[in-house]
There are 2 protein chains.
Amino acid sequence: MTSTASLHEFCARRGDLAAPCRLCGAREFNLCQALDGGQQVKLFALAHRLQLGKRCRLFSAGDPVRYVYNLTEGTVCLSRSLADGRRQILGFLLPGDFLGFEPGETHRCDAETLTEAKACRFERPVFEEFLQDNADAALHLLRLASTDLAQAARHEVLLGRKTATERIASFLLDLRQRSGARHLRTQPLALPMTRSEIADYTGLTIETVSRVLGRLRSGKLIELIGASAVRILDDSELERLSGSA
Amino acid sequence: MTSTASLHEFCARRGDLAAPCRLCGAREFNLCQALDGGQQVKLFALAHRLQLGKRCRLFSAGDPVRYVYNLTEGTVCLSRSLADGRRQILGFLLPGDFLGFEPGETHRCDAETLTEAKACRFERPVFEEFLQDNADAALHLLRLASTDLAQAARHEVLLGRKTATERIASFLLDLRQRSGARHLRTQPLALPMTRSEIADYTGLTIETVSRVLGRLRSGKLIELIGASAVRILDDSELERLSGSA
DNA sequence: GGGACGCTTTGAGCAGGATCAAACGCCCAG
DNA sequence: CTGGGCGTTTGATCCTGCTCAAAGCGTCCC
């Protein structure tokens, strides 16, 4: 990975080896945030920096679990499929999110980049050993996991109890909120996922997704910029339509 | 709490204070499993043993987060509701399950016992302090959280992509599997939740739940024993109908 | 043991979103 | 610049599961 090499060189030149993660775009949100300088150096030594293209598979359901990943740049899509091909997208991961930490020895879902992306990859056993020696890091990761769990709960409400319009409104507001929290551009808001992926996230069909977006557009609640960006024009009305929560 | 007192007395009489959790019905599945004797004693000293009646609220959405709980006996229902009353049940917790570990300062969901239940309750800051000193425990809790996350993922697939029949079949098989793993009776399998709660778990209505159960009964896949127990008669067919995964 | 309430079951009609089908338009390659 | 292909939009029809309604039944309390 040329980028790893150049990043490392850059660190060395600046005499910044004590905290290489300082150069990381996601350092504010990452695990690293909870580590002191010495721990960061140790963790960085265990990391393999990945540079990934668009539509690149990180792992698939059934694969043995070898690594855990910390996404630092780009968007990743996590999904699970039934035998007949029906797919449920579990979430769209943004910089700072963790993935791959699963119970058991095989992955139960698929992970694929939507955009070009960067991630720190760790061998799972090595990573767990690190956690065993760094209770702070383990506790921080536990907090990240509980945030993921809360996010999953909101998603379950969306899938189980919301109408099509509420689902799309919630999806847009949630994506904007999470993007904003990572200092990504929110106006216009990038939609790196296809309509099919929005459908598989919201439990709808592409036709319904398209129709609802069309209705929100004609209602002047949003403005569609091509197919892969959106400008939210009426926050409070969209919030109201989302069913909140 | 009379039961707390009597349990403690019982420990003392047997000279078993070194590992009081040995008497706990859920010791095999609990956090305690990952602790050595000394850690168990320390943790037990932090615990407040709760004895709860049926239909007893542990906490509600909006409450400040004060405690975390480790369920040791009984069934607890976790749910989230929208402003207009629509409810999504997130899960039915069984002995050994953790609850209450949420990000932020207020609970985002409701927790209520379905049956009489027992739990160990910990003050959250005290518990976090314990984790900080016991990386093993923190790591174990992280594994529990990742199991919850995997369970949530299965639930998202159920809610987003399965038909009514598949949802009910999946619900029954999942409940049986999880009950079995806790050494609870699985044949017949107790259903401590009402039809309304099954509906709010599966994202259906009570009428649809009742109709699907009726169809499974007439198809001789299950036998209903009153309204709150079921005997699974044809495993493999039910498995097939569940859409698996 | 009897009564009443609440949960569950069953039925009839309806509707939101799915399916099937076709046109549109953006983006990229040649 | 132009053609092709894929992703998206729009339209017509269908069907699964919801809503409204009422009867059945278990259980719990008196």
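The sequence lines fix the lettering, A, B, ..., with proteins before strands; numbering per chain opens at 1.
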**Request:** Within residues 184-191 of chain A, find the residues that approach DNA chain C with a heavy atom at under 4.0 Å, and present them sorted by residue number.
**Result:** none
**Residue pairs passing the side-chain hydrogen bond (donor to acceptor under 3.5 Å, both in side chains) test where at least one lies in residues 85-94 of chain B, sequence neighbours excluded** = A/E166-B/R86, B/D84-B/R86, B/R87-B/D200
With [X] via salt bridge (charged side-chain N to carboxylate O under 4.0 Å, His left out) - residues at least two apart:
X	value
A/R66	none
B/E223	B/R231
B/R124	B/E105
A/E102	none

**Asked** Taking the side chain as C-beta and beyond, is there a heavy-atom pair between A/T202 and A/V209 under 4.5 Å?
**Response** yes
**Prompt:** Between the two end axes of the helix from C/dG1-D/dC30 to C/dG30-D/dC1, each built from 5 base pairs, what angle do you get to the nearest 10°?
**Reply:** 50°
**Asked** Taking NZ, NE, NH1 and NH2 as the nitrogens, is one of them in A/D110 or A/R80 under 4.0 Å from a carboxylate oxygen of the other?
**Response** no
What N/O pairs connect the protein and nucleotides 9-12 of chain C at under 3.5 Å? Give each pair on its own line.
unit_1 : atom_1 : unit_2 : atom_2 : d
C/dT9  : OP1    : B/R195 : NH2    : 3.3
C/dT9  : OP2    : B/R195 : NE     : 2.8
C/dT9  : OP2    : B/S210 : OG     : 2.9
C/dT9  : O5'    : B/S210 : OG     : 3.1
C/dG11 : N7     : B/R211 : NH1    : 2.8
C/dG11 : O6     : B/R211 : NH2    : 3.3

Return the set of residues passing side-chain contact (heavy atoms from CB on, under 4.5 Å) with [X] (not counting sequence neighbours), or none when no residue passes.
X	answer
B/Q151	B/R154, B/D174, B/R178, B/Y201
A/L144	A/F98, A/H140, A/L141
B/E116	B/K54

**Item:** Outermost nucleotides of DNA chain D that come under 4.0 Å of a non-hydrogen atom of chain B
**Value:** D/dG17 to D/dC20
**Asked** Is it the case that A/S236 and A/D234 place a side-chain donor and acceptor less than 3.5 Å from each other?
**Response** yes
**Message:** Please tell me whether B/R182 and B/S179 have a donor and an acceptor in their side chains that are separated by less than 3.5 angstrom.
**Reply:** no
**Nucleotide C/dG16, atom C1' - distance to NZ of A/K162 in whole Å** = 18 Å
